[in-house]
Structure formats: structure tokens, C-alpha cells
There are 2 protein chains.
Amino acid sequence: MSDPAASPSCSLCLFRHVCRDAPATGTRPDAEKPLQPTHLIVPAGDAIFRQGRPVTAVFPLRQGSAKQVYESPLGWRQVTGFSLPGDVLGLEPNEAPAHSVSALALQDTECCVVPVEALRTHMADAGFRDSVRAVMRHQAERERILLVAVGSMKAAQRLAMLLLDLDAEHRRRGGTDSALTLAMSRTDIASLLGLTLETVSRLLSRFASVGLISVRQRRLRLIDRDGLAAVYADLDPMPRQIPAAIGPLAGNVDEPRPF
Amino acid sequence: MSDPAASPSCSLCLFRHVCRDAPATGTRPDAEKPLQPTHLIVPAGDAIFRQGRPVTAVFPLRQGSAKQVYESPLGWRQVTGFSLPGDVLGLEPNEAPAHSVSALALQDTECCVVPVEALRTHMADAGFRDSVRAVMRHQAERERILLVAVGSMKAAQRLAMLLLDLDAEHRRRGGTDSALTLAMSRTDIASLLGLTLETVSRLLSRFASVGLISVRQRRLRLIDRDGLAAVYADLDPMPRQIPAAIGPLAGNVDEPRPF
DNA sequence: CGCAGTATTGAAGTAGGTCAAATGTAGTGG
DNA sequence: CCACTACATTTGACCTACTTCAATACTGCG
């Protein structure tokens with residue numbers, strides 16, 4: 001846990017090619033790997049950094065998970081995303097001097113600390129710079145998809161989208177099973193999707209009752225990904241209570257890609 | 001209209017310090033102003049650029065107005081913002097190689113064309129670079145506020161927010177009167193705010209009926225900015241039909257700042 | 001004038017919010 | 001280990017803000 005050695009999350013880390021902690025990469029000689037970040041342990045619920053505070057470092061996530069929370073000038077609060085091991089917290093686009101959101105640990109969490117000076121130094125490398133910017137662009141794209149989802153999709157679609165995304169991230173991290181554990185509360189999910197916690201809970205139960213998933217508290221298992229994708233794409237009126245007996249051969253979805 | 005001379009919008013333009021078309025700035029000697037952009041006329045409804053297409057130039061808006069439209073992978077479309085003269089269209093953060101949204105002219109529109117090479121050249125100047133990045137950050141902040149609005153505010157709040165923002169932009173451009181003309185349709189407004197056009201129309205009527213604004217079609221006049229700010233801040237249950245006779249002295253709003 | 005696009009207004013339906021109660025889970029200290 | 005508390009989740013019943021459907025009016029343009 002507090003062992004500074006390479007963790008599995010390192011293999012997905014943005015800094016893996018320049019970090020001493022990361023396992024050697026086959027393709028590169030790794031002649032120079034000057035980055036040896038310190039580590040930081042954050043207990044569940046605590047902030048890794050806070051919105052508005054100056055950016056002094058970025059934080060590759062090693063263990064645990066976090067949520068990003070944005071607080072608007074009028075005091076409205078909204079979750080804008082979740083992060084898993086391998087993600088880098090605190091990367092601000094456009095050379096922002098201050099964090100645009102807060103990051104709160106969803107559980108006891110460990111992350112690396114990469115000072116901005118080190119980051120800036122490495123940004124001199126074109127390849128590295130490009131990959132950092134690609135990550136930033138991906139984040140921006142995600143937020144836009146969230147905006148469209150919240151702005152024009154139904155509750156069931158939004159939740160299906162989130163589940164598919166969480167599953168995709170889980171698999172990208174090597175999870176071969178379909179079981180995942182939700183680190184975030186129903187309230188967090190509701191905030192992200194622009195719903196209430198009751199709606200999220202009901203929807204999860206409904207998904208389960210029609211055989212799309214199984215849920216018990218925070219243990220979740222995706223059973224029918226295609227079905228979820230259909231819900232996401234809204235090809236499916238999503239049976240209110242009991243599925244209309246006529247199951248029309250679960251049609252394929254042209255674009256099931258979540259997020 | 002097609003006269004290439006300086007327009008009033010130039011005085012707000014990001015490029016004013018480096019552009020030959022812009023009026024001389026008092027503070028700087030303008031020794032070097034190597035930018036002399038070509039101009040582009042876009043008829044109402046046409047695209048200035050399209051989402052996914054490579055970024056070849058950015059487009060300072062001279063006359064007219066435009067909307068940004070994002071199309072999600074699944075085909076959902078949403079307006080993400082409106083632009084007025086002085087704004088720069090097509091500025092993509094993170095060195096994105098392609099436009100992340102489309103820009104459609106809301107009326108016959110004229111804009112400058114600044115090739116990306118020229119932009120990149122001027123980015124060498126620290127002051128200029130900083131101001132460009134500040135604009136990008138401001139845009140990102142706007143989108144986040146929109147996300148929170150759509151995700152957790154009521155319809156009336158969202159609309160009040162938009163009206164206050166449009167008004168603020170109008171005044172920033174020198175408009176001293178409280179009258180403004182909406183270049184966008186009710187449908188566009190509805191899309192931006194995550195509502196239906198009928199709701200927008202009804203809400204405008206309701207705002208008018210309680211004396212916050214006056215509207216007729218696309219002519220709009222803000223009558224009670226403080227009242228709108230109160231609606232935005234939700235200090236006000238927003239009378240359903242006829243105000244509940246007890247008017248509690250229209251309280252001050254701590255943070256009436258829209259967007 | 002008459003048509004096409006845009007806006008307003010009404011009536012009815014519903015998705016999701018709100019309020020409230022019951023159950024489950026985890027943490028704490030005895 | 002267990003009792004007790006605090007909090008998260010589920011579920012139900014009701015309600016309303018918003019959508020949907022539909023009809024009517026306004027504006028601009030050939």
C-alpha cells in the first residue's frame with residue numbers, strides 16, 4: 001500500500017515513459033527517466049486539491065479513486081467526473097494557474113506528486129507534450145458529452161452511459177470479469193448525471209429487474225452490455241414496470257460506444 | 001459591411017494589438033502589427049467551420065453572430081454557446097488538430113480569417129499567449145457553468161442566467177440601452193439550456209408578465225435586472241401566475257453575476 | 001396575397017422530483 | 001463480539017415542472 005514500488009496503475013500512467021517507478025517499456029530504451037515522484041496518502045473524503053487553489057503539482061492516481069467537484073460562483077455544486085488508478089488528477093488545460101475543480105478521495109487513496117516544474121520540464125519533449133494534450137482533449141470531450149447527456153437525454157440513458165463508461169474503464173485497467181465496485185455514492189452519481197439519488201436507485205433496480213445488470217449496494221455486475229447500449233442509444237423505450245412480453249431480438253446498436 | 005476598415009468590434013478583439021485593421025491602442029506604440037487578416041462573409045445558417053474538420057484558421061467575428069453546436073457520437077445535437085462581434089471563433093484549446101464544435105452563422109455574418117500559422121507565430125509573444133489562454137480558460141469556465149445550470153438548476157433560473165449574460169455581453173460591447181435583439185431562435189435557446197422551445201417561450205412570457213422584461217418576438221428589453229438576478233439565484237419562487245401579494249422587498253442578491 | 005418559418009398559448013400526460021418510511025451497512029466504543 | 005449510532009440505500013406514494021401534442025397567430029418574403 002505504502003510501498004513506493006511500481007503499481008499496476010503505472011502501466012497506464014501518462015508519465016510511465018519518464019518515471020523511475022514505472023516498469024520498463026519494451027519499445028523504448030528508457031535511457032533517461034528522471035522522474036521519481038513522492039507519494040501522497042489521502043484518506044477517504046479528503047481533498048487532494050481544491051478548486052481555486054494554485055496548481056503546484058499534478059497527481060497520478062495509484063490506488064483508490066476520486067471525484068471531481070465543481071462549485072459554481074452561486075454556490076451550486078456538481079460532480080463533473082470520477083477518476084481511477086492510472087488517471088492524472090489536477091491537469092489543467094490552458095496553463096491555468098489555479099485548479100478549476102476540487103478533487104475528493106472517494107476512498108483511502110494514494111497518488112504520486114509531480115510538481116508542475118517537473119511537468120513543465122518534460123513538456124519540452126514533443127512526444128510527451130502531445131500525449132499530455134491528448135489526455136486534456138479527451139477530458140474536454142468527456143465533459144462535452146456529459147453536457148449533452150444532461151441537457152438532452154433521459155435519465156435511463158444517462159445512467160446506462162455511465163455504467164458502460166465505468167465498465168469500459170474497468171476493462172481498460174485489465175478487469176476481465178464483469179463485476180465492478182462503485183466507489184461513489186448514489187448521491188455522487190446523481191449529481192454527475194443531473195438527477196436525484198432516488199432516481200438513480202430506482203433506475204438501477206429497474207435495470208436489474210429487466211436483466212441488464214445486477215446490483216446490491218455498491219457491487220455491480222453488467223449482464224447485458226448490448227442491452228445497456230440500446231438503452232443508452234434510446235432504441236428502447238425501457239419498459240416501465242414489466243417488459244412488454246414481445247422481446248424483439250435485442251437489435252444491434254450502430255454506435256454503442258459510451259462516452 | 002464589406003469594407004475592410006476597422007469595425008467597432010475590433011476594439012474588443014483578441015488580436016487588436018497585433019492587427020493592422022484595429023485602431024491604434026493608446027498604451028502601445030504598435031511598432032509591429034503584422035496581422036492583416038482577410039475577411040469572410042457567411043450567409044445566415046451557413047457554417048463558418050464544422051466539428052471534426054481540421055483547424056486551419058481562427059475567426060474573429062466582426063459583424064453578425066453565431067452559435068456553436070456540438071454533435072455527440074450518438075447523433076445528439078446541442079448548442080453550447082453563442083458568439084457576438086469581438087469574439088474569436090474556432091479557438092481550440094490543447095492544440096487540438098480539429099474543431100470540437102461547429103459554428104453556424106445566426107445571421108449574415110462577417111469575420112476575419114487568421115491562419116493558424118499566423119496565430120502560432122504570435123503565440124511566441126508571452127503577453128499575447130497569456131491573453132489567448134485567458135480567453136480559452138474563460139470559455140471552459142463558461143461551459144462548466146452551463147453544465148451546472150443544465151444539471152441542477154430550474155428552467156427559470158437557466159433562462160434568467162442566459163438573459164443576464166446576453167445583456168452583460170451587449171453592454172460590454174458598448175450598448176448603453178437595455179434593448180437587445182436575440183439573433184437566435186427559441187429552439188437554439190432551448191437547446192443551449194436543455195429545455196424545449198415551448199418552455200422557453202412560456203417562461204419569457206411569464207418573465208414579461210411579472211415585469212422583469214419585455215419581449216416581442218426577438219426584441220427583448222431587460223426591465224428589472226435585480227429581479228432577474230434573484231430568479232437566477234433562486235431566491236424567488238417565481239410566481240406561478242400572479243405574484244403572491246406579499247412582495248418581500250426584492251432582497252439583494254449576494255452574487256448576481258451571470259455566467 | 002399567400003406561403004413558410006417562427007412564436008405563442010392551451011390542454012393533457014408523464015418523467016422525475018419531493019417527502020417519508022423501512023431496511024441495510026459500517027463504524028465505534030463498551 | 002455486540003449494541004448503538006450514523007449514514008447509505010431502497011422503496012412507496014404523491015406531486016409538479018416540464019414535455020408533448022395541437023391549434024392559432026405573427027413576420028417576412030416571393
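Letters A, B, ... mirror the listed sequences (proteins, then strands); counts begin at 1. Quick caveat: nothing in here was measured; it's all calculated off a predicted structure.
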Subject >> Contacts of type side-chain hydrogen bond (donor to acceptor under 3.5 Å, both in side chains), residue Gln107(B), not counting sequence neighbours >> reply: Ser65(B)
Original post:
For Glu110(A), does its backbone N or O pair with a side-chain atom of Arg62(A) as donor and acceptor, under 3.5 Å?
Top reply: no
**OP:** Report the residues that fulfil side chain to side chain contact (heavy atoms under 4.5 Å, CB included) with Thr181(A), sequence neighbours left out, ordered by chain and then residue number.
**Re:** Arg219(A)
Original post:
Under the ring pair (Phe, Tyr, Trp, His ring centres under 6.0 Å) test, which residues partner His170(A), sequence neighbours left out?
Top reply: none
Subject >> Nearest-angstrom distance from the residue atom CG of Leu106(A) to P of dA8(D) >> reply: 12 Å
**OP:** Report yes if a side-chain nitrogen or oxygen of Ser201(A) is closer than 4.0 Å to either non-bridging phosphate oxygen (OP1 or OP2) of dT11(D); otherwise report no.
**Re:** no
Original post:
Where each residue is assigned the nucleotide of DNA chain C containing its nearest heavy atom, which of Leu204(B) and Met153(A) is assigned the position nearer the 5′ end?
Top reply: Leu204(B)
**OP:** Quickly work out the Arg219(B) CZ to dT8(C) P distance and round it to whole Å.
**Re:** 14 Å
Subject >> Within residues 78-90 of chain A or reaching into it, pairs that qualify as side-chain hydrogen bond (donor to acceptor under 3.5 Å, both in side chains) - sequence neighbours excluded >> reply: Gln68(A)-Ser83(A), Asp87(A)-Arg173(A)
Subject >> Whole-Å gap separating C1' (dA17(D)) and CZ (Arg158(B)) >> reply: 11 Å
**OP:** Could you tell me the separation between the CG atom of Leu164(A) and the CD atom of Glu169(A), rounded to the nearest 0.5 Å?
**Re:** 12.0 Å
Ignoring hydrogens and angles, write down the donor-acceptor pairs under 3.5 Å from the side chains of residues 41-51 of chain B, residues two or more places apart or on other chains.
unit_1: Gln51(B); atom_1: OE1; unit_2: Glu71(B); atom_2: N; d: 2.8
unit_1: Gln51(B); atom_1: NE2; unit_2: Glu71(B); atom_2: O; d: 2.8

Original post:
Does Arg186(A) put a side-chain nitrogen or oxygen below 4.0 Å from OP1 or OP2 of dT10(D)?
Top reply: yes
Original post:
Rounding to a whole Å, what distance do you find between Leu193(B):CG and dA17(D):P?
Top reply: 18 Å
Subject >> Separation of dT6(C) C1' from Arg218(B) CZ (nearest whole Å) >> reply: 7 Å
**OP:** Please report how far the helix from dC1(C)-dG30(D) to dG30(C)-dC1(D) bends, comparing the axis fitted to its first five pairs with the axis fitted to its last five, to the nearest 10 degrees.
**Re:** 40°
Subject >> Those residues that, when tested against Gln157(A), pass side chain to side chain contact (heavy atoms under 4.5 Å, CB included) (two or more places apart) >> reply: Met153(A), Lys154(A), Asp234(A), Trp76(B)
**OP:** Send over the distance from Gln107(B) CD to dC29(D) P, rounded to a whole Å.
**Re:** 13 Å
**OP:** Give the rounded distance in Å between these two atoms: CG of Leu159(A) and C1' of dG16(C).
**Re:** 14 Å
Subject >> Where protein sits on nucleotides 17-24 of chain C, one letter per nucleotide: B base, S sugar-phosphate only, - none, heavy atoms under 4.0 Å >> reply: SBB-----
**OP:** Measure the distance from CG on Leu203(B) to C1' on dT19(D) and round it to the nearest whole Å.
**Re:** 13 Å
**OP:** Only pairs at least two apart or in different chains count here, so list each salt bridge (Lys or Arg N to Asp or Glu O under 4.0 Å) that has a residue in residues 178-189 of chain B.
**Re:** Lys67(B)-Asp188(B)
